[in-house]
Structure formats: structure tokens, C-alpha cells
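Heavy atoms only: backbone and side chains are in, while hydrogens, waters and symmetry mates are out. The structure displayed is predicted, hence computed values, not measured ones. Chain letters run A, B, ... following the sequence lines, proteins first, then strands; residues in each count from 1.
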Amino acid sequence: MRSYKFMRAALTAASALILLLASQGAAQAVMDCFQCHERAAFQKKVKHQPVAAGQCSDCHSPHVARHDGLLQQGVMALCYSCHTEAQAKHRQGFMHQPVRTGECLSCHDPHASDYQGLLSKRSSDACFSCHSDLPKKYKYTHTPYGKGECASCHQSHQSPYPNLLTKEPEALCLGCHPLQTVRQKHANYPAELGNCSSCHSPHGSNRPALVRNVLHDPYAAGCKDCHAAKGAPVTVDTCLGCHPQVSEQMASSHNHLVRYGENSCIACHSPHAGDKARLLKGKERHVCGTCHEATFQRSETAEFKHTAHEACSDCHAPHGSNHPAMAKAPINTVCVACHVTHEQFTHPIGEKVFDPRTGQMMTCASCHTSKGTDHRNHLKFAGTRDLCVQCHRDH
Amino acid sequence: MKKLHSIPARRLLLATILALLPATALAQAPWQWQMSLKIETAGNAMYMPAAVAFDRESERYYAVDAGRNRLVSFTRDGEMLKAFSADDRLKAPFDLVRLDDGRLWVVEKGRNSLTRIDIGAREVKPHILRDGSRQVFPDRIAQEGGRLHVLDRASGQVLRLAADLNVEQRFGSPDTAGGLADFVIADGSVWGLEARAKKVFRFRSDGSIAQTIQLGEQVDFPVSLAVGDSGLYVLDRHQNSVFAFSEDGRFRYRFLGPGHARGQLHFPRQIRFDPWGRLCVVDEGNGRVEIYTR
């Protein structure tokens with residue numbers, strides 16, 4: 001019994017000694033880091049908690065590491081190892097592209113910052129550093145946009161609403177623009193009020209009242225060309241009546257004629273005004289992503305991805321097509337349009353060469369995939385052996 | 001216990017585990033490939049088949065070869081019989097049903113018509129459908145007791161047609177944002193797949209909803225469904241997989257994957273049960289219909 005007590009006391013003393021040595025070691029580690037790394041760079045208004053506590057080794061390995069910056073894990077895994085609640089939340093709804101691909105550092109400084117949320121720049125500057133195609137000012141600029149208050153309408157990580165909006169689009173607008181005022185300004189509106197962004201740009205435009213720059217001809221002429229009576233639905237027949245070429249494209253085995261309220265055309269197009277000639281409701285990444293988000297996610301998180309993966313209409317016919325994957329021409333034609341020289345040296349493809357697995361014509365897509373892959377050159381299998389033996393089994 | 005530490009005992013344990021693993025996987029996905037409906041002649045293979053239909057009486061399959069504007073018939077054993085193009089008059093055929101009297105009703109996307117074909121009389125008659133003031137854009141078609149049901153792409157509703165092709169009943173999802181992408185008639189009910197909300201509805205004959213099944217997040221881009229004794233099957237075009245659910249919507253297993261070899265799919269388009277309980281997957285990108293048995 002005495003020996004047991006002695007053992008317990010000895011173990012307690014040894015544990016205390018180890019803890020003491022470890023804490024001294026940690027203090028030593030901090031001191032050692034700042035011998036080389038300038039301390040001032042970590043002394044800003046907002047400090048990341050491990051930095052403030054001097055716990056550099058929470059994130060960094062002081063000697064060797066598999067990851068850039070001597071990080072113990074990849075950036076996304078490392079951040080989520082502490083921000084566990086954020087990880088669960090960030091996987092829901094619409095995600096901001098850097099969140100989806102784990103590029104936390106594209107907006108945040110991991111050590112210290114002069115801005116809230118450890119943003120590496122003033123919030124709107126951080127936004128514009130990627131969204132560089134947006135002008136900072138328009139002839140007529142929406143007030144919050146002009147002030148750089150992106151967060152008054154958009155979430156920065158994820159949102160249940162498209163375009164990372166903080167609320168349902170109409171509710172968001174009505175939050176600042178009272179319904180009564182809106183009604184007064186739209187006295188002769190031929191339909192139920194709503195869908196504000198169908199006419200107005202939430203950022204700015206060259207027209208008063210932020211009406212978007214490019215007007216649909218019937219809209220410019222008035223409402224009655226399309227709206228027969230107040231409340232009467234404008235159906236797809238009305239659109240196709242004026243756009244026979246689209247009607248022709250829709251008469252394909254694959255088409256995008258899908259239900260979207262009363263009129264499938266307005267799933268993608270604004271019937272009133274837009275920022276560009278096609279009157280799309282946004283960039284293709286967002287318009288197409290409304291239904292095909294998972295495809296973008298697969299591509300964006302793949303090891304190898306096709307460079308033009310956001311310009312869907314470069315390869316696909318958005319209204320309809322009689323080619324696989326709604327390609328705008330036979331697959332080989334689509335690929336060769338950019339990959340001009342490949343036709344000269346490729347494995348035999350074309351109408352006289354058939355895939356032994358299926359009897360189908362050999363195309364670029366027999367070996368390559370454009371929507372993201374783990375293999376170089378967008379191959380479906382490793383190009384060293386695995387790909388070839390799919391067909392050349394005897395080899 | 002000691003014996004387990006001996007090398008032969010460990011090898012025996014490992015061998016037992018390895019032997020049991022495939023059996024477990026088999027129990028998860030009990031479907032076995034049986035045959036492919038395809039045309040073997042080089043240069044004449046089906047191109048982008050869009051649908052498969054059946055003739056229980058004469059034990060035939062019909063594949064709709066959308067890319068080559070023809071219908072191809074096969075025996076129950078998968079032997080190709082005929083390719084029929086209605087004297088090259090078909091334009092982007094997409095789906096078909098065969099009525100008991102032998103007439104075919106074909107959805108032709110190329111003319112946006114529901115086309116009646118009487119092969120014996122060599123008659124091909126397209127019909128442009130209307131639902132009230134609006135044009136119907138036929139997509140999928142099925143029949144029950146001789147009454148045609150057509151999925152209208154534009155409204156996302158299944159329309160039950162009277163003998164004069166007027167709409168007599170509508171079956172649709174209550175969500176106005178998305179429409180039905182596919183439907184089947186099973187056990188006397190219309191079952192509809194809502195792709196965007198990833199839901200399956202079972203409708204009563206008056207168009208009201210009797211059951212709603214929410215598919216899980218594991219499904220990405222559902223395009224077609226089949227309903228059979230063993231439950232509900234959903235075809236995911238982008239994952240190239242079939243997902244099996246119980247009739248109350250509980251996910252059971254998935255099978256098949258992307259590729260071009262047997263047991264692999266490339267942009268599959270439709271899934272259906274044939275009259276003999278076999279599961280047929282229209283493998284559009286690989287130009288074939290794959291048939292699986294339990």
C-alpha cells in the first residue's frame with residue numbers, strides 16, 4: 001500500500017515536470033519563430049486566436065511538412081479542424097467558390113488583420129479582387145454597392161439562396177424599398193409585382209432607376225406585345241412565336257424546355273432587360289449552375305479540369321441538340337474547334353473507327369472527359385497503361 | 001484463442017473475410033447483367049437511344065434510336081429483328097408505346113408531335129397537342145388500358161388524354177419552380193419524378209398526390225424512375241448510377257458506374273421494368289439498352 005502511494009506521488013510529480021517542460025518548450029518555440037519571422041507582421045487589430053496565444057505549432061510544423069507554409073494539413077482541413085461548425089454549415093445550399101474549393105486564404109489572413117473576420121483586405125476590396133469584371137461605379141449606382149457594402153445583400157460563405165443572397169430576392173429588395181412605394185412607382189405593371197432583378201440591376205446601370213442596360217425589344221416598346229391582360233400568363237409559345245430559330249433548336253432529342261413557372265424561357269433569360277445581348281439572368285456559371293451545380297462542383301474540385309469550364313456555351317447548345325451531352329456539334333468537331341492541332345496526331349477517331357466496347361464511333365470523349373478528372377490531360381484513366389487496356393485487352 | 005495467432009489460422013480468417021466480402025456486396029446490389037440490346041454491325045450501331053418499350057404479347061423490345069431516326073425491335077432474348085424508320089419520315093423520335101391493337105404512338109421531338117404509326121396500313125400521322133390555349137411539348141409517353149399519358153415538358157405535368165387526344169386529367173408537382181422529368185404507371189398509379197427537388201410523387205387518378213418521397217442527397221441528377229415489386233429505382237444521369245429505394249423512400253443501395261464496359265453507363269437516359277421483371281437501362285452514350293435480372 002505504501003509503495004502504491006509512493007508510485008502515485010512519483011507519477012504526479014513526473015507529469016507536472018513534463019507539463020512544465022512542455023510549456024517552457026512552447027514559449028521557446030514562439031520565441032524561436034519570432035527570431036526569424038518579424039513580430040510586427042502579426043501585431044494587427046484582429047489576431048487569429050492561436051497567433052494571439054503564441055501557438056504557432058497549432059497550424060505549422062517547425063521542421064518539415066507535406067504542405068506549403070509548413071502547414072500540418074491542407075488549408076481547408078486545417079481551418080475546419082477548429083471551425084467545425086462552419087464546416088457543417090458550408091456544405092449546405094449555394095457555396096461561394098473559394099469555400100467550395102477550400103481556398104480560405106483567398107479572403108482571410110490566417111495570422112492577423114486590420115479588418116474584422118481576419119479579412120486580408122477591406123471587405124469590398126476582397127470581393128473585387130476576384131470579381132474584377134464588375135465596375136466599381138456605374139452612371140447610376142445602387143447605394144449599398146457604391147459604398148462597398150457587398151454584405152448588405154450577399155453572404156460570403158454560403159446561402160440557401162442563389163447568388164449567395166442573404167434573403168429571398170424580393171424580400172431583400174423590400175427590406176429597403178417599402179412595398180407601398182414600389183406599388184406607387186409601378187402603377188401600370190401588367191403582372192404581380194416581384195422578380196425585381198428582371199428589370200433592375202442590383203449593382204448599377206447606365207439608365208435611371210437602375211433599369212438594366214440592354215432592353216428586350218417588346219419591353220422597350222411597352223408591355224402589351226407579350227402581356228395580353230393583367231395577370232394573364234405569358235407562355236413559352238409567345239417567346240417561340242418571335243424566336244423561330246430557338247423553336248428549331250428546341251425540336252431536338254435533348255432540349256432545355258423545362259418547367260419554370262408558366263414559361264421555361266425565363267428560367268435562364270430575363271424577359272425584360274439584361275446586362276448583355278442574350279438577356280441571361282447572370283453569368284453562365286450561375287445560370288447553368290442553378291440546375292447543374294453538382295457538375296460545376298465536380299469540375300472545380302477535380303485534380304485536372306478543363307480551363308473553359310465556366311463558358312458552357314462554348315461547347316454546349318443551351319436550347320437543344322441532337323448530340324450527346326447537348327454538345328453544339330458532334331463531339332470531335334467541338335473539341336477540334338479549340339484543339340486544332342490534335343486532329344493531326346491523335347489516336348484514330350471519327351466515323352470509320354469504332355469503340356470495341358460499345359460499337360460507337362471513337363471520339364475524343366472515348367478517352368477524355370472535360371468535367372474534371374484525377375488524371376493528366378483530362379484522361380478517364382491513367383495514360384500510362386490503364387487507359388489503353390480498356391480497349392486493347394490483348395496488350 | 002491461441003490458435004488464431006498461428007499463421008494458418010490468420011490466413012483462414014483472412015480468406016473467410018475475403019470470401020464473404022463479395023457476397024455482402026452482391027446482397028446489396030442483387031442485379032446481374034443479362035444482355036444488351038444493341039446493333040453489332042459496324043457503323044450501324046444505335047446512336048443516342050432515348051427509350052425502350054415492350055410488347056408483352058409477342059415478347060419484343062422496341063428501342064427508340066433517336067440519333068438515327070428509327071425504331072429497332074428485338075426478341076425477348078436480345079436478338080435484333082428490324083429497324084424501322086417509317087420511310088425516313090421520323091424526326092428525332094424520343095419515346096413510344098405499343099397499343100394492344102398493334103398501333104404505335106411515338107413522341108417525335110423533331111416535329112413536337114405525338115405520332116400514330118399503323119405499320120400494317122403504312123400510315124404515319126403526327127398530332128400536335130394542345131392543352132387549352134397552350135401548346136404541349138410531349139416528352140415521355142405511357143399507356144394504361146389503352147389511355148395515353150404524356151409528359152408535357154413545358155408544363156412539367158403528365159397529361160392523361162381522352163380518345164380524341166384532348167387533355168382529361170393533369171398530374172403535376174405542387175412546386176411551381178420545377179416540373180416532372182419522367183413518369184411511369186405502376187400498380188394503377190401514376191408515379192412522377194421531380195428532378196430539381198429530387199422527389200417522387202405517387203398520384204391518385206384524380207391528379208391529387210397520394211404519396212411524396214424525398215430522395216436523399218446522394219442523388220445528383222435524377223432523370224428517370226422505375227417502380228417494381230422490389231421498390232423504387234432512380235437513374236442518375238450524371239453519376240451514371242442506379243439508386244434503389246424502398247417504396248417509403250429509404251435508400252437501399254446503388255449500382256453501376258461510369259464508363260463504357262459492361263456494367264458501366266455513359267449518359268444513361270431511361271430506366272424501366274420490362275413485363276418479365278427485368279430492369280432495363282437505356283444507356284444513351286454507349287448506344288445500347290442494358291438489361292439486368294435479379
**Student:** Do you know which of B/Q239, B/R262, B/H238 has the most heavy-atom pairs under 4.5 Å to chain A?
**Tutor:** B/H238
**Student:** Does either side chain, that of B/E284 or that of A/H254, offer a donor lying less than 3.5 Å from an acceptor on the other one?
**Tutor:** yes
**Student:** Answer with side chain, backbone, both or neither: which region of B/R153 has an atom nearer than 4.5 Å to a non-hydrogen atom of chain A?
**Tutor:**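 Contact with chain A involves both backbone and side-chain atoms of B/R153.
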**Student:** Donor-acceptor pairs under 3.5 Å, side chain of residues 129-136 of chain B to any protein atom, not counting sequence neighbours: which ones?
**Tutor:**
residue : atom : partner : partner atom : Å
B/R130  : NH2  : B/S133  : O            : 2.6
B/D131  : OD1  : B/R170  : NH2          : 2.7
B/D131  : OD2  : B/R170  : NE           : 3.0
B/R134  : NH2  : A/E262  : OE1          : 2.8

**Student:** Would you call the rings of B/F171 and B/F203 parallel, tilted or perpendicular if under 30° counts as parallel and over 60° as perpendicular?
**Tutor:** perpendicular
**Student:** Is it the backbone or the side chain of A/T290 that comes under 4.5 Å from a heavy atom of chain B, or both, or neither?
**Tutor:**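 Both backbone and side chain.
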**Student:** State whether the number of non-hydrogen atoms from other residues, nucleotides or ligands found under 6.0 Å of A/R91 atom CZ is greater than 12.
**Tutor:**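 Incorrect, the count does not exceed 12.
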**Student:** Look at B/S155, B/G259, B/S36, B/G67 and state which one has the largest set of heavy-atom pairs under 4.5 Å with chain A.
**Tutor:**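 The answer is B/S155.
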**Student:** Between B/H260 and A/K380, do the side chains contain a donor N or O and an acceptor N or O under 3.5 Å apart?
**Tutor:** yes
**Student:** Within the 4.5 Å heavy-atom criterion, are A/E170 and A/N195 side-chain neighbours or not?
**Tutor:**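 Touching, per the 4.5 Å side-chain cut-off.
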**Student:** I'd like to verify something: which residue of A/G359, A/S366, A/P324 has the highest number of heavy-atom pairs under 4.5 Å with chain B?
**Tutor:**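 Between A/G359, A/S366, A/P324, the count favours A/P324.
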**Student:** Please determine whether a side-chain nitrogen of the Lys or Arg among A/R285 and A/E293 lies less than 4.0 Å from a carboxylate oxygen of the Asp or Glu.
**Tutor:**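 Yes, this pair counts.
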**Student:** Indicate yes or no: does B/R272 engage B/D182 in a salt bridge with an N to O separation below 4.0 Å.
**Tutor:** yes
**Student:** Of the backbone (N, CA, C, O) and the side chain (C-beta and beyond), which part of A/S253 lies under 4.5 Å from a heavy atom of chain B, both, or neither?
**Tutor:** both
**Student:** Heavy-atom pairs under 4.5 Å with chain A - which of B/A92, B/A154, B/G110 has more of them than the others?
**Tutor:** B/A154
**Student:** Between B/K109, B/R269, B/K91, who has the most heavy-atom pairs with chain A when the cutoff is under 4.5 Å?
**Tutor:** B/K109
**Student:** Can you tell me which portion of A/N263 sits under 4.5 Å from chain B's heavy atoms? Options are side chain, backbone, both or neither.
**Tutor:**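 Nothing of A/N263, per the 4.5 Å heavy-atom cut-off to chain B.
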**Student:** Side chains of A/P271 and A/S198, heavy atoms from C-beta outward: is any pair under 4.5 Å?
**Tutor:**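 Result yes, sub-4.5 Å side-chain heavy-atom pair found.
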**Student:** So which part of A/D237 gets closer than 4.5 Å to some heavy atom of chain B, the side chain, the backbone, both or neither?
**Tutor:**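 Just the side chain, heavy atoms under 4.5 Å.
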**Student:** Give me the ring orientation class for B/H149 and B/F183: parallel if the planes are under 30° apart, tilted from 30 to 60°, perpendicular past 60°.
**Tutor:** tilted
**Student:** Name the option with the most non-hydrogen atom pairs under 4.5 Å to chain B; the candidates are A/T238, A/D355, A/T369, A/N255.
**Tutor:** A/N255
**Student:** For A/H323, which atoms come within 4.5 Å of any heavy atom of chain B: side chain, backbone, both, or neither?
**Tutor:** both
**Student:** Heavy-atom cut-off 4.5 Å, strictly under: side chain, backbone, both or neither for B/N286 against chain A?
**Tutor:** both
**Student:** Which atoms of A/V258 are under 4.5 Å from chain B, going by heavy atoms: the side chain, the backbone, both sets, or neither?
**Tutor:**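 It is both, since atoms from each part get that close.
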**Student:** Of all of B/R237, B/R111, B/E217, which one pairs up most often with chain A through heavy atoms under 4.5 Å apart?
**Tutor:**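 Of B/R237, B/R111, B/E217, B/R237 has the most heavy-atom pairs under 4.5 Å with chain A.
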